[in-house]
Amino acid sequence: MAPETATIVDPPERRGRSVPRPLETALPPERREALRVKLLAETPRWYVPSVHMLAPSAVGLVMIAVALSLIEHLTAWQLLTVPVVYVLANANEWTIHRMALHRRHPLAPVLYDQHTPKHHALYVTDDMAVRDRREYRLVLIPAYGLFLIFTTTLPITAAIWWLGYRNVACLYAATAIAYTVSYEWLHLSYHLPHDHPVGRSRLIGRLRRHHAIHHDPRLMQRWNLNVTVPLWDVVMRTVAEYPPPR
Ligand SMILES: [Zn+2]
Ligand SMILES: [Zn+2]
């Protein structure tokens with residue numbers, strides 16, 4: 001079923017240097033196409049989609065390898081770090097998505113600006129696919145997002161290490177980075193064309209549907225806020241099926 005509404009933003013000319021405001025009204029396909037053309041035209045000439053897709057993950061994988069190589073005499077209880085950090089990261093993803101990506105948080109307004117009036121305006125439940133690889137810029141985590149993740153993960157890792165829990169620090173860093181890499185690849189896979197081989201997996205298909213429902217503008221601020229595995233959506237009872245409740 002096609003969604004009856006889509007994301008729309010106030011035209012900048014109407015509000016001066018205004019904050020784009022999401023409305024629960026439809027952007028017709030032709031206006032989404034016009035927005036796509038405009039956003040692609042704004043893409044810097046130096047932007048290389050394959051570098052954006054591969055470089056952060058490659059750096060992340062090297063950091064994971066370094067962290068794991070520093071582990072010595074691992075015990076069973078230390079291994080519990082992995083599921084604990086995974087659940088915390090999942091809760092963190094839910095919270096940041098709700099608090100900073102769909103509300104303009106004063107500490108990081110740029111996160112909202114990239115997500116709600118651009119990513120959500122362009123991709124709606126039944127039209128999720130990128131048309132051009134340069135659109136990866138509108139799907140993948142931007143450089144400042146990666147910087148924010150790095151500058152929070154590093155001091156936490158250092159603090160745990162400094163407290164004497166070296167293995168826990170390494171497992172924390174490795175799990176947090178692996179989570180971020182999985183976020184990137186899963187989110188990108190949801191926005192690939194429908195006939196892309198990656199979408200043939202039933203698991204990816206189900207996760208993609210969960211995220212596509214989040215892309216209904218009537219639901220985006222409250223429902224299906226996990227982009228990876230919807231664990232915290234289940235805990236917080238924010239799983240929406242389709243069609244949405246009236
Ligand atoms: Zn998305
Ligand atoms: Zn969102």
Side-chain angles (χ1 to χ4, degrees), residues 3 5-9 19-27 32 35-36 39-40 49 52-53 56-57 89-105 108-142 144-146 148-149 179-194 196 198-199 203-234 236 238-242 244:
T5 59
T7 308
I8 194 168
V9 296
V19 176
R21 185 166 56 89
L23 300 175
E24 293 184 356
T25 48
L27 250 196
R32 274 194 289 121
L35 178 65
R36 172 174 275 113
L39 293 174
L40 282 176
H52 193 182
M53 182 175 69
S57 294
N90 195 268
N92 197 37
E93 171 192 301
W94 186 98
T95 305
I96 290 175
H97 196 165
R98 184 182 165 109
M99 302 307 291
L101 271 63
H102 284 287
R103 290 173 178 78
R104 210 162 188 269
H105 198 283
V110 72
L111 295 177
Y112 171 92
D113 295 343
Q114 187 74 8
H115 190 73
T116 300
K118 292 183 181 175
H119 182 71
H120 273 273
L122 206 50
Y123 307 111
V124 293
T125 303
D126 288 326
D127 187 8
M128 293 279 285
V130 296
R131 312 276 200 276
D132 184 306
R133 280 161 56 88
R134 286 180 301 153
E135 290 178 39
Y136 289 179
R137 181 165 169 262
L138 303 163
V139 175
L140 296 169
I141 301 174
Y144 54 79
L146 295 170
L148 283 178
I149 293 168
Y179 192 95
T180 306
V181 172
S182 78
Y183 176 100
E184 281 285 62
W185 286 95
L186 284 171
H187 192 209
L188 181 61
S189 72
Y190 307 154
H191 288 281
L192 291 176
H194 238 273
H196 194 281
V198 79
L203 175 64
I204 296 294
R206 288 192 65 171
L207 293 176
R208 175 159 69 183
R209 187 66 189 154
H210 183 84
H211 185 61
I213 292 170
H214 168 73
H215 270 268
D216 183 319
R218 293 167 292 184
L219 306 180
M220 66 179 179
Q221 287 182 304
R222 285 187 56 201
W223 302 95
N224 294 11
L225 292 160
N226 278 127
V227 176
T228 58
V229 177
L231 180 65
W232 211 248
D233 271 324
V234 171
M236 301 303 284
T238 52
V239 175
E241 301 298 336
Y242 217 64

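Side chains are part of it too, since the values below use all heavy atoms of this structure and drop only hydrogens, waters and symmetry mates. When a ligand or atom number is given, it counts from 1 through the structure's own listing order.
- Of the residues Gln221, Arg209, Arg222, His120, the one that meets the side chain to side chain contact (heavy atoms under 4.5 Å, CB included) test with His214 is His120.
- Rounded to 10°, the angle formed at the Zn ion (ligand 2) by NE2 of His102 and NE2 of His120 is 100°.
- Geometry at the Zn ion (ligand 1): NE2/His119 and NE2/His187 form an angle of 90°, nearest 10 degrees.
- The angle that His214 NE2 and His97 NE2 make at the Zn ion (ligand 2), rounded to 10°, works out to 80°.
- With a cut-off of 2.8 Å, the Zn ion (ligand 2) has no N, O or S atom of His215 in range.
- An angle of 110° is found at the Zn ion (ligand 1) between His211 atom NE2 and His191 atom NE2, rounded to 10°.
- With ring centers used as reference points, His211 lies under 6.0 Å from Tyr190.
- For the residue pair Glu93 and Thr228, a side-chain donor N or O sits within less than 3.5 Å of a side-chain acceptor on the partner.
- Leu101 and Tyr112 get closest at one heavy-atom pair: O-CD1, 3.6 Å.
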Worksheet item: Does the pair Leu40 and Arg131 meet the rule for a side chain to side chain contact (heavy atoms under 4.5 Å, CB included), with working shown?
Response: CA-CA 11 Å; Leu40 282 176; Arg131 312 276 200 276; over 6 Å; no
